[in-house]
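What follows is a short report on a single structure.
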Protein chains: 2
Amino acid sequence: MATELIGQRMTSQRKLLLEIIRDAGGHLDADELFQKAKGRDPRISLSTIYRNLNLLKELDLVAERHFVEDHHHYELKDTAEHHHLVCRSCGEVFEFNSPLTPKMTKDVEETSQFQITDIEINMQGYCPNCPRDMHQESSI
Amino acid sequence: MATELIGQRMTSQRKLLLEIIRDAGGHLDADELFQKAKGRDPRISLSTIYRNLNLLKELDLVAERHFVEDHHHYELKDTAEHHHLVCRSCGEVFEFNSPLTPKMTKDVEETSQFQITDIEINMQGYCPNCPRDMHQESSI
DNA sequence: GTATTTATTGCGAATGCTTTGCATAAGCAA
DNA sequence: TTGCTTATGCAAAGCATTCGCAATAAATAC
């Protein structure tokens, strides 16, 4: 990974955050990143984390993931592509990826005329330990 | 659509929300639903909207979508499946669906042993009117 | 139809994540 | 090293969403 920013300054906080994201390797949320960062630089602030995450996102260096929960998770953009399947009952996260996504992306690019930069697949369901409750059949 | 709830009461507010979601046909957020509901029942409150959206979600009657933004959108579960592609520059939303999703879902069910109830695909990119800014090449 | 039970509502306050304003600190170019 | 300007830390603000509670109204039993 390169170590220079163009137009921006490479501050110690920025460098630290980048290292943490890279080393953690996978969907941490802002607060988890903040806690880890504080371990190495106790004076760092949560706003700095957010500001830098937004910058890295704009630069396409990190991806912001929105799965089930109502806050975001971040991971390096060049991490091997993978998607998420979350259990609706216990919250367990299963990661997967599918050989079908490149073709799907290509198809969608053709029909939409968009230039696609990012694909996120979130599935939900019930994990093997949380069988679906069958009598919860709704009937509105 | 049926009109009875088991274990729950079919209140006028509940009925109204359901009608609004059905008639709107597609990803409104809680506040948009609230505004429309207020048009027909000025005394309805936003908490009621949220409480009922959560109920309908549990009953699998509506799907909660998390796209780019940091709030949620809701749509009827039995709407024809479709996914979303959002322009990173102007925000335009393109809806698509792909013949590959059933196979992908099946594959993932097999490897994960989960019982999948929901699949959400969010793509991002640049629409034909917002070509990607090429000199924004990052170099951290 | 009336009374009873209990889910649901509306309101306001609270929560949790994220952003912002501002004064201070610190990169970076000359 | 100086000077310009971006970035930081802190505290406060902003939003979306949830919660507590007294009042209301469905559903059920009489």
Side-chain angles (χ1 to χ4, degrees), chain A residues 2-21 27-59 61-74 91 136 138-140, chain B residues 2-18 20 27-59 61-74 138-140:
Chain A
T3 50
E4 285 172 48
L5 281 172
I6 36 158
Q8 283 87 239
R9 294 172 181 174
M10 178 48 87
T11 63
S12 62
Q13 295 90 335
R14 205 107 92 187
K15 199 181 305 183
L16 175 58
L17 177 62
L18 224 25
E19 279 176 31
I20 289 174
I21 295 179
H27 36 80
L28 295 184
D29 62 32
D31 194 65
E32 289 166 326
L33 293 167
F34 176 51
Q35 297 308 330
K36 281 183 193 288
K38 263 208 308 209
R40 291 216 256 153
D41 173 0
R43 291 190 36 68
I44 201 170
S45 91
L46 185 54
S47 339
T48 297
I49 301 294
Y50 275 111
R51 276 188 283 236
N52 281 313
L53 285 173
N54 285 336
L55 173 64
L56 296 173
K57 204 166 59 176
E58 270 163 37
L59 294 177
L61 291 165
V62 309
E64 180 182 80
R65 300 293 173 201
H66 327 86
F67 9 136
V68 164
E69 306 162 74
D70 50 2
H71 64 279
H72 305 151
H73 291 247
Y74 300 87
Q136 159 94 103
S138 82
S139 63
I140 279 196
Chain B
T3 52
E4 284 172 50
L5 282 170
I6 36 158
Q8 283 88 243
R9 293 172 182 176
M10 176 49 86
T11 62
S12 63
Q13 295 89 334
R14 203 106 94 189
K15 200 181 303 180
L16 175 57
L17 178 61
L18 223 25
I20 289 174
H27 36 78
L28 295 184
D29 62 32
D31 194 66
E32 289 166 326
L33 293 168
F34 177 50
Q35 297 309 330
K36 281 183 193 286
K38 262 208 308 210
R40 291 217 255 154
D41 174 359
R43 290 188 40 67
I44 202 170
S45 91
L46 185 54
S47 338
T48 297
I49 302 294
Y50 276 111
R51 277 187 285 236
N52 281 313
L53 285 173
N54 285 337
L55 173 65
L56 295 173
K57 202 166 61 178
E58 270 163 38
L59 294 177
L61 290 165
V62 309
E64 181 182 80
R65 299 295 172 202
H66 328 86
F67 7 136
V68 164
E69 307 162 73
D70 50 0
H71 62 279
H72 305 152
H73 291 246
Y74 300 87
S138 80
S139 64
I140 281 196

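A quick note: this is a predicted structure, and the numbers were derived from the prediction, not measured. Residue numbering restarts at 1 for every chain, and letters A, B, ... go by the order of the sequence lines.
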| For Asp29(A) and dC17(C), what is the distance between atoms CG and P respectively, to the nearest whole Å? | 8 Å
| query | Are His72(A) and dT18(C) close enough that a side-chain N or O sits under 4.0 Å from OP1 or OP2? | reply | yes
| task | Find out whether Leu61(A) and Ile21(A) are in side-chain contact, i.e. whether some heavy atom of one side chain is under 4.5 Å from a heavy atom of the other. | result | no
| query | Whole Å only: how far is the CG atom of Leu46(A) from the C1' atom of dT19(C)? | reply | 10 Å
| remark: On DNA chain D, more 5' by nearest nucleotide between Ser45(A) and His71(B) is Ser45(A)
| If you check the Ile44(A) side chain, which of dG9(D), dT18(D), dA7(D) turns out closest? | dG9(D)
| message | From CZ of Phe34(B) over to C1' of dC11(C), roughly how many Å is that when rounded to an integer? | response | 11 Å
| field | 5' precedence on DNA chain D between Asp31(B) and Ser12(B) (nearest-nucleotide basis) | value | Asp31(B)
| said: Just the rounded figure in Å: distance from P of dT9(C) to CG of Leu17(B). | reply: 10 Å
| query | Given dA7(D), is OP1 or OP2 found less than 4.0 Å from the side-chain N or O atoms of Thr11(A)? | reply | no
| task | Return the value, rounded to whole Å, for the distance between atom NZ of Lys15(A) and atom P of dA26(C). | result | 15 Å
| said: Using whole Å, what does the distance between atom C1' of nucleotide dT18(D) and atom CG of Leu55(B) come to? | reply: 15 Å
| note | Between CG of Asp41(A) and P of dT8(D) the distance, given in whole Å, is 11 Å
| query | Between Asn54(A) and dT19(C), does any side-chain N or O lie under 4.0 Å from OP1 or OP2? | reply | yes
For nucleotides 20-22 of chain C, give me every protein contact, N/O to N/O, under 3.5 Å, one pair per line with atom names.
unit_1	atom_1	unit_2	atom_2	d
dT20(C)	O4	Ser47(A)	OG	3.3
dG21(C)	O6	Arg51(A)	NH1	3.3

| request: Measure from OH on Tyr50(B) to C1' on dG16(C) and round the result to the nearest Å. | output: 13 Å
| Flag side-chain contact, heavy atom, 4.5 Å: Leu17(A) against Leu56(A) | yes
| query | What distance do Arg40(B) atom CZ and Lys38(B) atom NZ have between them, rounded to the nearest 0.5 Å? | reply | 15.5 Å
| field | CA sep, side-chain torsions, deciding dist, call: Gln13(A), Asp41(A), side-chain contact (heavy atoms from CB on, under 4.5 Å) | value | CA-CA 8 Å; Gln13(A) 295 90 335; Asp41(A) 173 0; 4.1 Å; yes
| request: From the options His27(A), His72(A), His73(A), select the one residue that forms a side-chain hydrogen bond (donor to acceptor under 3.5 Å, both in side chains) with Glu64(A). | output: His72(A)
| Counting only distance, no hydrogens or angles, is the base of dT6(D) paired donor-acceptor with the side chain of Arg9(A) under 3.5 Å? | yes
| request: Please determine if a side-chain N or O atom of Gln13(B) lies less than 4.0 Å away from the OP1 or OP2 oxygen of dG10(C). | output: yes
| Quick one: which of dC11(C), dT8(D), dT8(C) gets closest to the side chain of Arg14(A)? | dT8(D)
| Are Leu18(A) and Met10(A) side-chain neighbours, meaning at least one heavy-atom pair lies under 4.5 Å? | yes
| message | For Ile44(B) versus Phe34(B), what's the shortest heavy-atom pair and its separation? | response | O-CE1, 3.4 Å
